[in-house]
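The block underneath contains the structure these notes are about, expressed in structure tokens.
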2 protein chains.
Amino acid sequence: MTASTLVPVFAALGDDTRWSILAALGRADASASALAEVLPVSRQAIAKHLAVLQDVRLVEPVRVGREVRYRVLGSQLTETARRLDLIGAQWDRRLATIKQIAEDLEIE
Amino acid sequence: MTASTLVPVFAALGDDTRWSILAALGRADASASALAEVLPVSRQAIAKHLAVLQDVRLVEPVRVGREVRYRVLGSQLTETARRLDLIGAQWDRRLATIKQIAEDLEIE
DNA sequence: GCGAACTGCAACTAAAAAGTTGCAATCGAG
DNA sequence: CTCGATTGCAACTTTTTAGTTGCAGTTCGC
């Protein structure tokens with residue numbers, strides 16, 4: 001996974017409707033039609049959201065007879081979390097360094 | 001931090017320009033004007049982005065004389081990563097359970 | 001084979017977000 | 001005190017995205 005793929009994942013996660021979809025899929029795999037019966041948007045809207053989620057590997061389609069069920073992929077979320085943590089740690093390290101320098105200066 | 005604050009953080013992180021800003025701030029604190037000299041957008045556009053980032057506590061303003069420098073906050077990123085990891089683990093656990101059940105059924 | 005259930009594609013509308021320009025207000029340095 | 005640098009506010013345009021409706025294509029069950 002390269003850095004260029006990280007931002008689209010966040011863009012995908014930055015929408016309430018998509019989280020509703022992910023939450024529903026977190027309980028059980030479901031098709032776009034099935035999700036449309038639960039959520040307050042049309043099936044086509046859900047299909048578009050699923051396409052977005054599939055593009056960033058947050059869900060994957062599973063054909064079951066004539067319907068296409070979607071499965072949520074925790075691995076992408078875990079991987080994203082790991083990378084986010086690294087970046088956050090870097091920033092904190094720089095701030096800690098600055099703070100340390102400031103304290104050293106005060107002592108002198 | 002409540003769940004309702006999580007989605008806006010992702011929305012904030014789902015934009016390339018904001019990542020450019022965060023990357024620049026990751027190297028050194030800077031004002032909107034200073035950032036505008038480096039990035040290919042106007043100062044006002046950057047000011048809006050900084051407001052978005054500040055709303056979700058990814059940066060915080062620091063007055064230095066007549067200018068307002070912004071500091072990146074790693075803690076928010078770390079916290080977000082932690083929560084993301086928990087959710088991903090939940091999903092993976094469900095999938096593992098399902099897989100286990102499927103395997104058990106095959107044996108019988 | 002035929003009808004019903006599902007999916008997929010396309011065009012369109014509406015709302016949100018990114019970016020711009022222009023101007024007023026503020027504050028420091030000389 | 002005054003000039004220049006910097007920030008803040010407002011109106012506007014453009015682009016993107018979320019959502020809709022309508023229709024065509026597939027495939028399963030009877």
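All values below come from the heavy atoms of this structure, side chains included, with hydrogens, waters and symmetry mates left out. Letters A, B, ... are given to chains in the order of the sequence lines, protein chains preceding strands, and every chain is numbered from 1.
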Practice task
Can you label the angle between the Trp19(B) ring and the Trp91(A) ring as parallel, tilted or perpendicular, going by 30° and 60°?
Solution key: tilted

Fill in the blank from the handout: Overall bend of the helix from dG1(C)-dC30(D) to dG30(C)-dC1(D) (five pairs an end, 10° steps) is 30°

Completion exercise
In terms of heavy-atom contacts, Pro61(B) and Tyr70(B) come closest through CB-CE2, 3.8 Å

Completion exercise
When every non-hydrogen atom of Thr5(A) is compared with those of Val9(A), the smallest separation belongs to O-CG2, 3.3 Å

Fill in the blank from the handout: Paired with Leu58(B), the side chain to side chain contact (heavy atoms under 4.5 Å, CB included) test is passed by just one of Val72(B), Leu13(B), Ile21(B), namely Leu13(B)

Problem - Residues clustering with Val64(A) (ILVMFWY side chains joined when closer than 4.5 Å, directly or via others) - result: Val62(A)

Can you measure from [atom1] ([X]) to [atom2] ([Y]) and round to the nearest 0.5 angstrom?
X        : Y        : atom1 : atom2 : answer
Arg66(B) : Arg63(B) : CZ    : CZ    : 11.0 Å
Leu77(A) : Arg57(A) : CG    : CZ    : 15.5 Å
Thr80(A) : Gln76(A) : OG1   : CD    : 4.0 Å

Side-chain donor/acceptor pairs under 3.5 Å, residues 46-55 of chain A, sequence neighbours excluded:
| residue | atom | partner | partner atom | Å |
| --- | --- | --- | --- | --- |
| His49(A) | ND1 | Arg18(A) | NH1 | 3.1 |

Distance-only check: which donor-acceptor pairs under 3.5 Å involve side-chain atoms of residues 23-45 of chain A, not counting sequence neighbours?
| residue | atom | partner | partner atom | Å |
| --- | --- | --- | --- | --- |
| Asp29(A) | OD1 | Arg94(B) | NH2 | 3.1 |
| Ser31(A) | OG | Ala34(A) | N | 3.2 |
| Ser42(A) | OG | Ala45(A) | N | 3.3 |

Exercise for the section: Please list, by residue number, the residues of residues 41-51 of chain A whose heavy atoms come closer than 4.0 Å to an atom of DNA chain D; answer none if no residue qualifies. Expected result: Val41(A), Ser42(A), Gln44(A), Ala45(A), Lys48(A), His49(A)

Problem - By side chain to side chain contact (heavy atoms under 4.5 Å, CB included) - contacts of Glu60(B) (at least two apart) - result: Arg71(B), Leu73(B)

Problem - Sequence-distant partners of Asp92(B), side chain to side chain contact (heavy atoms under 4.5 Å, CB included), two or more places apart - result: Thr78(A), Leu95(B)

Problem - With sequence neighbours excluded, residues passing side chain to side chain donor-acceptor pair (under 3.5 Å) with Arg69(B) - result: Glu67(B)

Pick out the pairs of N or O atoms, protein on one side and nucleotides 28-30 of chain D on the other, that lie under 3.5 Å.
| residue | atom | partner | partner atom | Å |
| --- | --- | --- | --- | --- |
| dC28(D) | O2 | Arg66(A) | NH1 | 3.2 |

Practice task
Would you check if Ile87(A) and Leu6(A) make a side-chain contact, meaning some heavy-atom pair closer than 4.5 Å?
Solution key: yes

Problem - Any residue meeting salt bridge (Lys or Arg N to Asp or Glu O under 4.0 Å) with Arg82(B), in chain and number order, not counting sequence neighbours - result: Glu79(B)

Exercise for the section: Would you classify Arg69(A) as touching base, sugar-phosphate or nothing, given that sugar-phosphate means primed atoms plus P, OP1 and OP2, and contacts are heavy atoms under 4.0 Å? Expected result: nothing

Exercise for the section: Scan residues 30-39 of chain B against DNA chain C and write down, sorted by residue number, each residue with any heavy atom closer than 4.0 Å; if none is found, say none. Expected result: none

Completion exercise
With a 4.0 Å cut-off (strictly under) to non-hydrogen atoms of chain B, the first and last hit nts on DNA chain C, 5' to 3', are dA18(C) to dG28(C)

